[in-house]
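We count ligands from 1, going down the list as the structure has it; atoms in each ligand are counted the same way. Just so we're clear, the structure is a prediction, and the values are computed from it rather than from any experiment.
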Amino acid sequence: MTVKFSEVWDLDVLFPGGSNSKELRLHMENAGPKLDEFETLARNFQVPASKEDAEQVVRLLEEVKNTMLHLHQSDAFIGCLMAQDTEDKKAALLQSEASSLGARFQSAVQKVQQDLAKTEDDVWTNLLEDQSLREFGFLLNEWREEAKMQLSEKEENLITALSVDGYHGWSQLYDMLVGEIKITMTVDGKEKVLSVGQANNLSSHSDAAVRQESYEKLEAAWTEKEEFFAKTLNSIAGFRLAVYDKRGWENPLQEPLHINRMKEETLNAMWGAISKNKQPFVEYLNKKGAMLGKDGLDWYDVDAPVTESTQQFSYQEGAEFILKHFEKFGPELAKFAEQAFEKGWIEAEDRPNKRPGGFCTGLPLTEESRIFMTYSGSMSNVATLAHELGHAFHTYALRPVHSLNRSYAMNVAETASTFAEMIVADAAVKNAETNEEKLALLEDKLQRSVAFFMNIHSRFLFETRFYEERKKGVVSAERLNELMEEAQQEGFAGGLSSTHPHFWASKLHFYITDVPFYNFPYTFGYLFSLSIYAKALEEGTGFEEKYMALLRDTAIMTAEDLAMKHLGEDITQQAFWEKGIALCVKDAEEFIALTSSVE
Ligand SMILES: [Zn+2]
């Protein structure tokens, strides 16, 4: 039998003593001189003039790496401290210290990127052919391209400076506005004053009246403040469009596509394939409405439970379930996960003062990962644990790669995690002991497909149309409601009997200034991973080696090249995307067959 796994992670092995750690203090203090040195190096860096300058570039990259790893090690550790105890005030102080160190590093790197962009084309070609720089070709070209897409250094610096109050300030104002909203509700017999987040969580409450009331009260709150939200959204989009205009970027998708290293054709192929295959999910939504005793499904019932999952797993049982099914996919993944359990890389205990949600973080200097979540015994907790282990496995697969070649984009970030989660979720459906249990697990999977194919599609449709209208002027709250409702009708292919007109006000993602179009990369990651999963099912255990080779390349090529090299697939074509969708369609069909036989 396997050993008993600890539910509490081991952080002391990294820096003993938590936020009072002397070793951590020393590490943070050492960051200062390291940064001074790096800044001097960056300041003295000259625009490369001949191929002899390769040496200068190599030396600089080496220092970028060293400084970055040093900062990441403490950043990740402090992130863990903050998550395990939200009242750790010392950790909060350490975090703000760490973020100012990070800002210094970023601006020094930017200076160098600008210099590299100024290199003459023929010198550049010669430089990249140098033996010592060959492995950085993709990264260096990307830096140079980015710098070239931008305005002059002076103008970009001005934009960055003005962004603090003129752009990011709007995003912070949004958080403040939402933070002020309080919803008074009677839940489980008690009157409660809820935050927006808490009220949102009631969307999956088992009592239909609670779901409807929380939705209606939230909608009323968004309506009351709609002018403020409309002003905020228009200002964020207006700022962004003005910057794009100055840089000569006409398409609002240029930046998000560039960040995700993908082509617009690929994005269109993905949505095209999804749009063609919505009918089975519409049928699932209709069926769900009927199971809830209604004619059609309302927006506020999309997350409603139709059946109660009763199966409970102790942490040990959950861990063993994961290991058993990882083993069937491949020995490396199973061995890796077992070590993560044994070495105390996972924090899963259900106790107060922990942050909600889950994450996985990498500690690059010691080549370790830490996983954070709160485990309470449901199958969906087991799936989350598998998901985070998938992220950690991605980091593990990248170990042989140079540290500067490990920064993968958001669209491929969820590949390994969704993949690992799929292995476990599929096994759970197959192992379900009763039809009721099977239905609950299938529904869990289907809710995810509906979110990625329908809900996120509607957000994307809304955002693209909003940007087009915003180019011509300010868009009123009334018009935003209309755009949102149209997008939801289309995104859900008419599968809902009521929509959520103020969704544009309620969704934080529209107000994130650091990342534009915070929607389609989710759907990309989900489907990309599913297509790889479909291939793994075809090829069996031998696939693991190919899978790890793909993960290793996630940060050094475009999404199109990655799929072509490792899967032999052209992702600019709808046919690729349909393979992943087909797996989800099967879930919908099974759900409908099962609910028809139960009746
Ligand atoms: Zn994830």
Quiz item: So, Y284 versus E443: side-chain donor-acceptor pair below 3.5 Å or not?
Solution: yes
Quiz prompt | Minimum-distance atom from the Zn ion (ligand 1) among N, O or S atoms of H391 | solution = NE2
Practice problem: Please check if any side-chain donor atom of E414 sits under 3.5 Å from a side-chain acceptor atom of H387, or the reverse. | Solution: yes
Self-check item: Backbone or side-chain N/O/S of C360 under 2.8 Å of the Zn ion (ligand 1)
Solution: no
Quiz item: Does the gap between the ring centers of W504 and F510 come in under 6.0 Å?
Solution: no
Self-check item: Residue E414, metal the Zn ion (ligand 1), N/O/S under 2.8 Å
Solution: yes
Exercise. Taking the six-membered ring of F372 (Phe, Tyr or Trp), confirm whether the NZ or CZ of K354 is under 6.0 Å from its centre and within 45° of its axis.
Key: yes
